[in-house]
There are 2 protein chains.
Amino acid sequence: MIEVKSVGGKNPATVVLCFCENQIDEMKRTIFFYAIALAFLVFVLKSIEYRFYVRDLSIEFYIGFIAILFTVLGIWAGLKLTRKKTVVLSPDFVLDELKLQKLGISKREHEVLQLMATGLSNQEIADKLFVSLNTIKTHSSNLFLKLEVSRRTQAVQRGKELRLIP
Amino acid sequence: MIEVKSVGGKNPATVVLCFCENQIDEMKRTIFFYAIALAFLVFVLKSIEYRFYVRDLSIEFYIGFIAILFTVLGIWAGLKLTRKKTVVLSPDFVLDELKLQKLGISKREHEVLQLMATGLSNQEIADKLFVSLNTIKTHSSNLFLKLEVSRRTQAVQRGKELRLIP
DNA sequence: ATTAGAATCATCCTTTCGGGTGAAGGCAAT
DNA sequence: ATTGCCTTCACCCGAAAGGATGATTCTAAT
């Protein structure tokens with residue numbers, strides 16, 4: 001029982017490590033699983049404990065065993081909690097919709113910007129969106145005005161800077 | 001002594017987590033510090049142990065205390081070991097010179113690619129490198145052949161994929 | 001000394017881009 | 001209903017980019 005409580009007590013410490021809201025669910029699951037694992041381990045340890053007492057083995061070895069176990073468990077928990085962070089840093093992308101609004105960039109224009117960033121030509125973008133080349137040219141022109149650039153390569157760069165595209 | 005040994009035993013496990021050679025030194029230091037901390041804790045625990053025996057307190061509480069301590073220590077170690085990984089993933093950029101060679105991309109071509117990625121036009125690149133526009137066009141053409149692309153936006157994208165540019 | 005690759009520049013030609021302007025239909029807010 | 005914005009499309013024009021080919025110079029390796 002003491003051990004299970006101890007897991008709850010660690011929550012404040014782990015929360016410090018979590019910045020993104022979308023990670024909290026994952027973290028909760030991790031903590032829950034960790035609690036379950038701890039409870040199970042305590043159970044196992046109890047049985048081992050009695051065996052050790054019966055066989056009159058050294059208490060030091062028992063302590064060492066616990067230390068190793070919980071160290072490994074702690075490392076695993078630490079990795080589990082930070083792996084999200086690691087993954088989050090690069091491939092995660094949260095669109096800055098506020099900036100989109102502030103610059104007055106419409107959905108369609110943003111769409112064009114995204115395809116532009118993949119290296120497509122205006123004609124290819126037009127084909128992909130099932131509209132005419134002229135439409136894409138209009139969109140891109142307006143886009144360039146709003147992003148204050150004059151070339152598509154600059155637009156892509158600027159879009160990444162402003163977190164409009166991944 | 002048992003605990004100290006256990007730290008050494010964890011090395012193989014932690015090595016698995018380490019991919020970059022430049023992290024190994026940092027990792028060694030971390031492990032060394034971890035070993036020191038463990039030894040110190042064992043010392044502390046021993047004294048506490050005797051006090052507990054003298055006061056005839058529950059062995060369960062003692063075990064719980066050890067479990068908490070080593071869990072926290074394990075989490076800390078896990079964080080310490082992965083923090084490097086986290087930092088390495090995004091802001092660092094190591095040029096893949098092998099890939100440059102494999103693709104037969106020359107210094108000048110690589111230079112052009114870099115400037116291309118900043119959104120400059122061929123003319124601007126020519127001005128910046130003090131060569132003629134035609135030269136840049138030749139370089140970029142050769143670059144496109146080697147990167148197997150047909151547009152500068154694609155070249156920039158591909159260059160980033162292949163770690164030729166940041 | 002010869003060869004190979006690089007860097008440089010040129011010319012010709014086609015395609016793509018970017019800028020400007022205009023316009024028609026749809027949709028939502030006033 | 002009027003206004004404003006988005007989306008769509010069109011035409012024109014000049015600039016930029018891309019493709020092909022050839023030539024010169026220089027350096028480094030053979």
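A note on names: the letters A, B, ... follow the listed sequences, proteins ahead of strands, and every chain is numbered from 1.
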Give me the residues of residues 145-162 of chain B where at least one heavy atom lies under 4.0 Å from an atom of DNA chain D, by number, or none. B:Ser150, B:Arg151, B:Arg152
Closest to the 5' end of DNA chain D, once B:Met116 and A:Phe130 are matched to their nearest nucleotides, is A:Phe130
Point-to-point distance, once rounded to the nearest 0.5 Å, from NZ of A:Lys99 to CG of A:Leu103: 8.5 Å
Can you figure out which of D:dC6, D:dT8, D:dA10 approaches the side chain of A:Asn134 most closely? D:dA10
For residues B:Gln154 and A:Gly119, report the shortest heavy-atom separation together with the two atoms involved. CG-O, 3.1 Å
How would you give the extent of chain B contacts on DNA chain C, as first and last nucleotide 5' to 3' within a 4.0 Å heavy-atom cut-off? C:dA6 to C:dC17
State, yes or no, whether a side-chain contact exists between A:Leu115 and A:Leu129 at a heavy-atom distance under 4.5 Å. yes
Nearest 0.5 angstrom please: B:Gln114 CD to B:Leu164 CG, how far? 9.5 Å
Measure across A:Val112 and A:Ile136 and return the closest heavy-atom pair with its distance rounded to 0.1 Å. CG2-CD1, 4.1 Å
Is a donor-acceptor contact shorter than 3.5 angstrom present between the side chain of A:Thr138 and the base of D:dC9? yes
Quick one about B:Ser132 and B:Thr135 (side-chain donor to acceptor, distance below 3.5 Å, no hydrogens or angles considered), yes or no? yes
Under-4.0 Å side-chain N/O to phosphate OP1/OP2 contact, A:His139 with D:dT7: no
Picking from D:dG18, D:dC12, D:dA16, the nucleotide nearest the side-chain atoms of B:Lys137 would be D:dG18
Validation row: B:Leu147, B:Ile105 side chains within 4.5 angstrom (heavy atoms): yes
